[in-house]
Trainee: 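This is the structure, below, for whatever I ask next.
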Amino acid sequence: MENAVTQLHNLTPNDLVTLFDEVVSKKLNDLKKHFQPKAPTELLTRHEVAKLFKVDISTIHNWTKRGEIQSYSVGSRIYYKRSEIENSLIKLNK
């Protein structure tokens, strides 16, 4: 720790600003490389899910009732998360 204080003591104000800029720039570049913005959750209605799968809305109701797809509600409205709907598809091995 004493060595760090000695190094700071020998720096001019301009050197300190330059050092600070380098450190901050490096950290910002690292953050930019690894930062992935979080995409907002897209919600679909029952009708939109039925249209997506090209099935009747009663089929969507049955799939929800059997737990094959997960539904969410706000008040009396029912929604489905697009990501979960897409993940509910099962790959068939042929």
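Quick note: residue numbers are just sequence positions, from 1. Atoms considered below: every heavy atom in the structure, side chains included; atoms not considered: hydrogens, waters and symmetry mates. Predicted model, so just to flag it, every value in this text is computed and none were measured.
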Trainee: Exactly one of Asp30, Asn29, Val23 should register a side chain to side chain contact (heavy atoms under 4.5 Å, CB included) with Lys26. Which one does?
Mentor: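 When Asp30, Asn29, Val23 are each tested with Lys26, the side chain to side chain contact (heavy atoms under 4.5 Å, CB included) holds only for Asp30.
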Trainee: Between CD1 of Ile60 and CZ of Arg46, what distance do you get to the nearest 0.5 Å?
Mentor: 10.5 Å
Trainee: So do Leu43 and Tyr72 actually touch side chain to side chain, heavy atoms under 4.5 Å?
Mentor: no
Trainee: Heavy-atom count around Arg77 CZ within 6.0 Å, excluding the residue itself: above 12?
Mentor: no
Trainee: Rounded to the nearest 0.5 Å, how far apart are NZ of Lys27 and NZ of Lys32?
Mentor: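 Output value for this atom pair is 15.0 Å.
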Trainee: Determine, using the 4.5 Å side-chain heavy-atom cutoff (strictly less than), whether Val55 and Ile78 are members of one ILVMFWY cluster.
Mentor: yes
Trainee: Can you tell me how far NZ of Lys81 sits from CG of Leu44, rounded to the nearest 0.5 angstrom?
Mentor: 12.0 Å
Trainee: Would Val24 and Leu31 show up in the same hydrophobic cluster when neighbours are defined by side-chain heavy atoms closer than 4.5 Å?
Mentor: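 No, no single cluster joins them.
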Trainee: Taking NZ, NE, NH1 and NH2 as the nitrogens, is one of them in Glu86 or Arg82 under 4.0 Å from a carboxylate oxygen of the other?
Mentor: yes
Trainee: State the CG-CG distance between Leu16 and Asp21, to the nearest 0.5 angstrom.
Mentor: 9.5 Å
Trainee: Set out, in order, the CA-CA distance, both residues' side-chain angles and the distance that settles side-chain contact (heavy atoms from CB on, under 4.5 Å) for Thr59 and Phe53, then state yes or no.
Mentor: CA-CA 10 Å; Thr59 303; Phe53 283 122; over 6 Å; no
Trainee: Quick check: closest heavy atoms across Tyr80 and Ile69, and the distance to 0.1 Å?
Mentor: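 Taking Tyr80 first and Ile69 second, the nearest heavy atoms are CE2-CD1, 3.7 Å.
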Trainee: Classify the side-chain pair Ser58/Asp56 by whether it contains a donor and acceptor separated by less than 3.5 Å.
Mentor: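 Note: Ser58 and Asp56 side chains meet the donor-acceptor criterion.
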Trainee: Is it possible for you to say whether Tyr79 and Ile85 belong to one hydrophobic cluster, with membership spreading through side-chain heavy-atom contacts below 4.5 Å?
Mentor: no
Trainee: At what distance, to the nearest 0.5 angstrom, does CD of Gln70 lie from CG of Asn87?
Mentor: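 Gln70 atom CD to Asn87 atom CG measures 13.0 Å (nearest 0.5 Å).
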